[in-house]
Structures are given as C-alpha cells and as structure tokens.
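Data first, discussion second: the structure below is written as structure tokens.
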Amino acid sequence: MAKTVINDIDFSRYNIKAKVKYRHKTAKGLTPEIVEEISYLKGEPDWMREFRLKSLEIYNSKPMPTWGVDLSELNIDEIVAYISPDAEKAKTWDDVPKDIKETFDRLGIPEAEKEYLAGVGAQFDSEVIYHNIKEQLEKQGVIFEDFDTALKKYPDIIREYFMKCVPPTDHKFAALHGAIWSGGSFVYVPKGVKVETPLQAYFRMNAPGTGQFEHTLIIVDEGAEAHYIEGCSAPQYSVSNLHAGCVELYVKKGAKLRYSTIENWSKNTYNLNTKRALVDEGASMIWVSGSFGSKKTMLYPSSVLRGEGATSEYTSVTFAAKGQHLDTGAKMIHLAPNTSSKVVAKSLSKDGGITNFRGLLRVGPKATGVKTTVQCEGLMLDDISRSDTLPIIEIQNDYVDMGYEAKVGKISEDKIYYLMSRGLSEDEAKALIVKGFVEPISGSLPLEYAVELNRLINIEMEGSIG
Amino acid sequence: MGKMLLEVRDLRASVEDKEILKGINLNIGRGEIHAIMGPNGSGKSTLCNTIMGNPSYMVEGGSIFFEGDDITGMKVNERAKRGIFLSFQYPEEIEGITLENFLRTALNTVTGKNQSILGFKKLLKEKMQLLEMKDEYAERYLNVGFSGGEKKKAEILQMAILNPKLVMLDEIDSGLDIDALRIVAESIKKVKTEDMSILIVTHYNRILDYLEPDYVHVLMDGRIVRNGDSGLARELEETGYEAIRAEELI
C-alpha cells in the first residue's frame, strides 16, 4: 500500500457535529446521586448499582496517577458522565434517527456492514443506538449484544465476568469506569465456532464536555475464533472530553482472538482506556492498535498468558502531532510455561507532538521456556517533536529466550534526499518513508482498515502532502 | 536548445564550511560519456551531489546549466524531473516500500502522468529481464538487505525505468568484485540510449574498459587538472595520481 498521495482526503467526515435531541443528561461532575441516577435510568439490578457505588468509593480513595501524561488540566467536575440520545436501540439503520444515522453514514459504517462485517454495534455518546449481527452467526449461537441488553438477557454470565479481568481496584480510571460505565458490547463465541468476518463496534462522542465509558466484554470459548474491530472518533471542541473505556477479553483454551482498534478521538479528548486479555492454554491473542487522535492518551493493552503454550502479539502505530502526548505500549505477562509473545510498536511524532512507548514484560517464576521479543521504534519528523521508550522487564526464572530492540531517531535527511533525487518532492518523500515505517501495521489490517489507516496518516501529514 | 546538455561554470562548493570544489568547469554534450577520475577526497562525489542539488552541499560560487537553463538554485526533485539522475555510491534502504511501488511512484512523478498498474508491471518486467534481475526483486523493500552488487543493479534498473538525459554514476564500481563489476557495466551499456549522457566518477579505470569514455578528466584537490581522452585513463593506470600531482607542483 505505497500510495504516496491520496487525493480524496475527506477530513470533514470526522468533524461532523450532529444536532441531536438528547433524552437524559446528568449534571456535571461525579456524585453518588449521579451514579444512582445512571443505574436507575438503565433499570439495572441491585448488584450492579452497588458495584457502581463501591467503584465510586474506590475512585475517590485513589490518587491521580503521577506518571505518564500530565492530567492536571483534566477536571472531572466539568465532565458530564452520562448523556443519552433520544433514540431506541435499533436493529436496522432505517430505525436510527436521521441525524445520528447521517453521522455514521459519513463514517462509512452501514456501508462497511453490508460489504464485509459479520455484525456492527454503534454507540452515540453514552448509549448504543444500533446493534445487529448476521442471522447465520446468531444461529450458530454467537452472541453480539449491546451491554445493557446483555445485562438483562444474560445476567449470570455478566455477573461472573464483569470487571473480574480488570477490577475497579486496578487503578483510578478503572474505578471511574466501574462507577459510570455505559454502553459497549458483549460478545460470546461458542466452542469451536469460527467467525470468519470481523465484528465491529464504532464509538462516537458527539456532545462537548462529556465522557464516554463503554464496556466491552468478549468471551471466545474453547477452540473458537473471532476478529473484533473498534473504531472511535469525535468532533473537535474547545472543552475537554473524557474517554475511559474498559475492554475485558477471555480467550479460552485453543481459541483465537484478534482485536483491532483504530482510534481517532478529537484533539480535546483525554483517552484513558484499559484493555486486558486473559489467555488460556494454547490460545492466541492478537492486538492491532492505531492511535492517532486525543489530546492525551494512556493506553497499555495487556495479555495475561496464564495457560501453557498461550501466545500473544501486539502491533501498534502511534502518531502524535501538535499538542498531543500519547503514552502507549503493551504489557505481556507470562504466568505459564512455554508461552510466547511478540511486541512491535512504532510511533511517529511531528510538530511538537510527544510519543512514549511504555512496555511491561513480566515472566513469572513458573513460566519456563518462554519466548518473547519486543521491538519498539520511534520516528520524529522534525526537531521539535519527541519520542521516548520506557520498557520495564521483569524476568523471574532462567529459562527465557528474550529479544529486545529499541530505536528512536529523526527522519533521515539522506533518505529524503535519495527519494527526491528520483523526482519526489520533500513532502512526498517524507510521506513515503512514513508509509513504509507503518507498513507492518497496515499490512496486518484488513484492506478497508489499511486504507483508513493510510487516510489518517495522510491527514496527519497534511501540509506535508502537496 | 544549446549544444551542451550540462555546463558547469567555475563551480565552487563546500560541505560543513569546508571548501571542496574550487572552481570546476565541465561541459557534457548529448550522448557523450565522460569519466572523472581522482584520488579519494579530491571532490568527485561532491561534484555529483552538487550537480544533483544535495542540500548538504553549499554552492559558494559559479553556476550549473542544464539544457541551457540555470539550475544552480533548483531543488533536487526539480532537477530529477528535468532528467538528471544520480546512481548513489551508497543507495539508501527504505523499509516497507517495495521496489515496484517506489519505481511506479517515481515514474508517475517524473513524467507527471499516472502509469496504469498493468502497463507499469509490463515495463518493469521487460527492464528487469534486460538486466537479468529476478522477478522477486520487484516485491522486495527498496534496497533493504540487498548486497552491494544488488544495490548497484537496482540503481541501474531505476535509471532504465526513469530514462534520464544525464546519468551520474558515483563510484558504481566500489565494493564490487570483478564479476559483479562486469555485470553492472554491461547492464549500463544495455540501458544507455544514443542520447543519454553519462558521467562516470571513479578512481579505478577498470570500469572504463567496459564503458569507454569519450572524455576523461582528472580531479585533484577540487580542481580539474587534466583533460583528455581514454588514453589519459591508461596513462593514469601506469603512472598513478602522484605523478600528476608532482607535475602540478612544478
């Protein structure tokens, strides 16, 4: 995919501010009353209401993190925790209110669903407004529901798994999520069922000064396979928005899950997201992650390899432009013997943007015969941008095969000159080098998403592209 | 259009504030093959890079004309579009971009026309066959993991596709064994058209046995000190640069 110039950059499609009627909107800030109000509006069982209130207590007891990005300007008291559009959950796009549908049309979601997706969930601010799965998969017992519906239809499963992988005690924003989560998806793939085409969730924040706290829970049962894709975006506002989602993945014995994300939050958004997978014996967990948007991001998808022979891969590209500080990375936690992991993280920074790769590799005392490689590479496109790497490696036994490589540098003037000597302008040369740099990631996405990734890179390189 | 393709007039250039070229005069006509010979550090690569427009090389005086136009202040890519090509001594490796995609992009840019994917594939295949290159090179990332000889051959392939008017070969013979050198030299001969002019920069004359220059210039300490025909190269082979240096001092 080495197109140097894509002419049809439609930047506006991410920036549509839909004029939508809202049904409920809580007051700004975070109080037990607001938490109770959210639970009441959703008609939740008592245990969930109590879970929320307990999480709020934990949230209040924990200090703000003092590492990672600067959060001093994030004022939770100014954020609206819950805002629901005036719409019923629809199973066909015709039943989605026109103004909301228009937003998703411009993002290309209904069209994508027709062409190559097995199912789609679409969330607008705090609530899921559309959720549908191909009939054939439903017949095979695959469950793909918005989270509120799942809580009503499958209360026992939800209670067994909800925030067990990422407990509210984990960190301050996990606790925040536990208190005011809303929306998201629940996926269950039964034993041995292989879902060939991807399921997709799209998260859209539309209203200014609000938060989105969707919860994603995926259980891929023994020997089953699935590919889940999430996309996120929001229009640009001057006030801060907050995204603190939570993703919990259970990959059972011999199962395979691929989780791809293309994140393009607007540059007023704090993205403090938690994603974790528990990977059982012989199972495989693949993360593919593209982070382009947000003002500040702290995001470290983790794989806990707890079954013998479990494997995980993490491939990411992070692109920080002016005013952005993106602190991302992966955690690979090896708890069982003969587990393996591979991390390939690439980051780009320009116009003063800051990227930081923060990785954790932990190999427990029982995890012998582990194979692991970590490769992180940062490319700065000018003199005023920054890129750092901060790996933490903890190995607690002697039987580990580990490879580690970190490289940070400025884009090479010699390479630019070489390409220019073949007729490319300076901007085209830079864009080509960047495309090549991220190729390992775009190459591992389905074609449509690779095109989307290229489009986002072109937008970020805009002004660099003639 | 003037008779000369390239006219270099009293060119002075520096790198990192050190003057390397101290007044070069050089005329190259259409279809001619010129060789510039000189010891290490005499300014041969600097001359190629200054003609190509490398921003690391500062022109301190003089001018460069191409087809009668002053190109001294022109950007590198503008020169490339006019038909100047430099085969690099150390071609850069570009990760993630296949040779084929890169060359199609470059040809689109140089010609200002978008090549059809199929039409380009055909052209590429034809040129690769001409140069006896394996098809798989098209799918490999540009120069990544290529051996010295493969890199030089890939430069010749680029030259064959882009079909420039002036080709500068910056030490194309460096790092090649005798067999690789012969293959590369023969490739250049296959690609050269009647109108294409070539400037060979080298300090050995072995490659000149294959390419037979019309003119030979000796560059020492930033100046061209001798001009001649291929006989001059043979003379150098026997006497070495030191003899010329000694002669210069008299």
Side-chain angles (χ1 to χ4, degrees), chain A residues 1-8 290 315 317 319 344-348 375-379 405 407 409-445 450 453-454 457-458 461 464-466, chain B residues 48-49 51-57 74-114 117 139 141-144 151 154-155 157-159 161-164 166-168 170:
Chain A
M1 299 267 17
K3 257 192 225 168
T4 323
V5 179
I6 295 177
N7 291 320
D8 55 341
T315 310
V317 57
F319 198 143
V344 179
K346 302 235 175 188
S347 47
L348 289 149
Q375 191 195 340
C376 50
E377 208 176 333
L379 185 64
E405 193 187 327
K407 239 183 345 191
K410 202 185 147 226
I411 192 164
S412 150
E413 298 291 341
D414 290 340
K415 285 188 168 60
I416 294 171
Y417 167 53
Y418 181 64
L419 296 176
M420 285 180 78
S421 80
R422 303 305 188 240
L424 278 67
S425 70
E426 186 175 348
D427 301 333
E428 288 164 340
K430 282 185 181 173
L432 197 68
I433 293 167
V434 166
K435 290 269 165 59
F437 181 75
V438 302
E439 207 283 331
I441 290 92
S442 48
S444 61
L445 284 167
L453 186 85
N454 269 346
I457 286 167
N458 274 325
M461 296 292 288
S464 328
I465 283 205
Chain B
C48 292
N49 277 288
I51 294 171
M52 194 70 242
N54 187 334
S56 305
Y57 295 75
M74 220 174 246
K75 283 191 172 164
V76 182
N77 55 318
E78 294 303 324
R79 298 181 200 215
K81 284 182 189 172
R82 282 177 179 246
I84 302 179
F85 181 93
L86 172 61
S87 163
F88 281 58
Q89 188 179 354
Y90 304 107
E92 292 290 329
E93 301 188 357
I94 312 289
E95 289 280 354
I97 303 296
T98 64
L99 179 61
E100 177 174 346
N101 272 335
F102 165 67
L103 267 180
R104 196 173 70 242
T105 305
L107 186 59
N108 286 347
T109 317
V110 165
T111 58
K113 279 187 292 216
N114 274 345
I117 291 181
E139 292 304 315
Y141 294 153
L142 182 57
N143 296 329
V144 177
K151 279 184 183 166
E155 293 287 278
L157 176 67
Q158 294 187 33
M159 164 185 154
I161 296 284
L162 299 176
N163 194 25
L166 173 67
V167 171
M168 296 182 283
D170 188 2

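By convention in this document, chain letters (A, B, ...) are assigned in the order of the sequence lines, proteins followed by strands, and residues within each chain are numbered from 1.
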* Could you tell me which portion of B:L162 (side chain, backbone, both or neither) has an atom closer than 4.5 angstrom to a non-hydrogen atom of chain A? => side chain
* Contacting region of B:L103 [heavy-atom separation from chain A under 4.5 Å] -> neither
* To do: Measure B:P91 against the heavy atoms of chain A and call it side chain, backbone, both or neither at under 4.5 Å.
  => both
* Close aromatic pair by centroid cut-off 6.0 Å: A:Y417 and B:Y57 -> no
* Part of B:Y90 lying under 4.5 Å from any heavy atom of chain A -> neither
* Work out which heavy atom in A:K415 is nearest to a heavy atom in B:E93; give both atom names and the distance. => CE-O, 2.7 Å
* **Partners passing side-chain contact (heavy atoms from CB on, under 4.5 Å) against B:N114 (at least two apart in sequence or in another chain)** => B:N108
* Asked: Mind checking what makes ring pair (Phe, Tyr, Trp, His ring centres under 6.0 Å) contact with A:F437, not counting sequence neighbours?
  -> none
* For residues B:I97 and A:E439, determine if any side-chain heavy atom of one lies less than 4.5 Å from a side-chain heavy atom of the other. => no
* Please name the pair of heavy atoms, one in A:M420 and one in B:A80, separated by the smallest distance, quoted to 0.1 Å. => O-CB, 3.9 Å
* **A:Y418 and B:F102 aromatic ring geometry - parallel, tilted or perpendicular at 30°/60° bounds** => parallel
* At a heavy-atom separation under 4.5 Å, does B:Q158 approach chain A through its side chain, its backbone, both, or neither? -> side chain
* Using side chain to side chain contact (heavy atoms under 4.5 Å, CB included) as the criterion, point out the one residue from A:D414, A:I433, A:L419 that pairs with B:E92. => A:D414
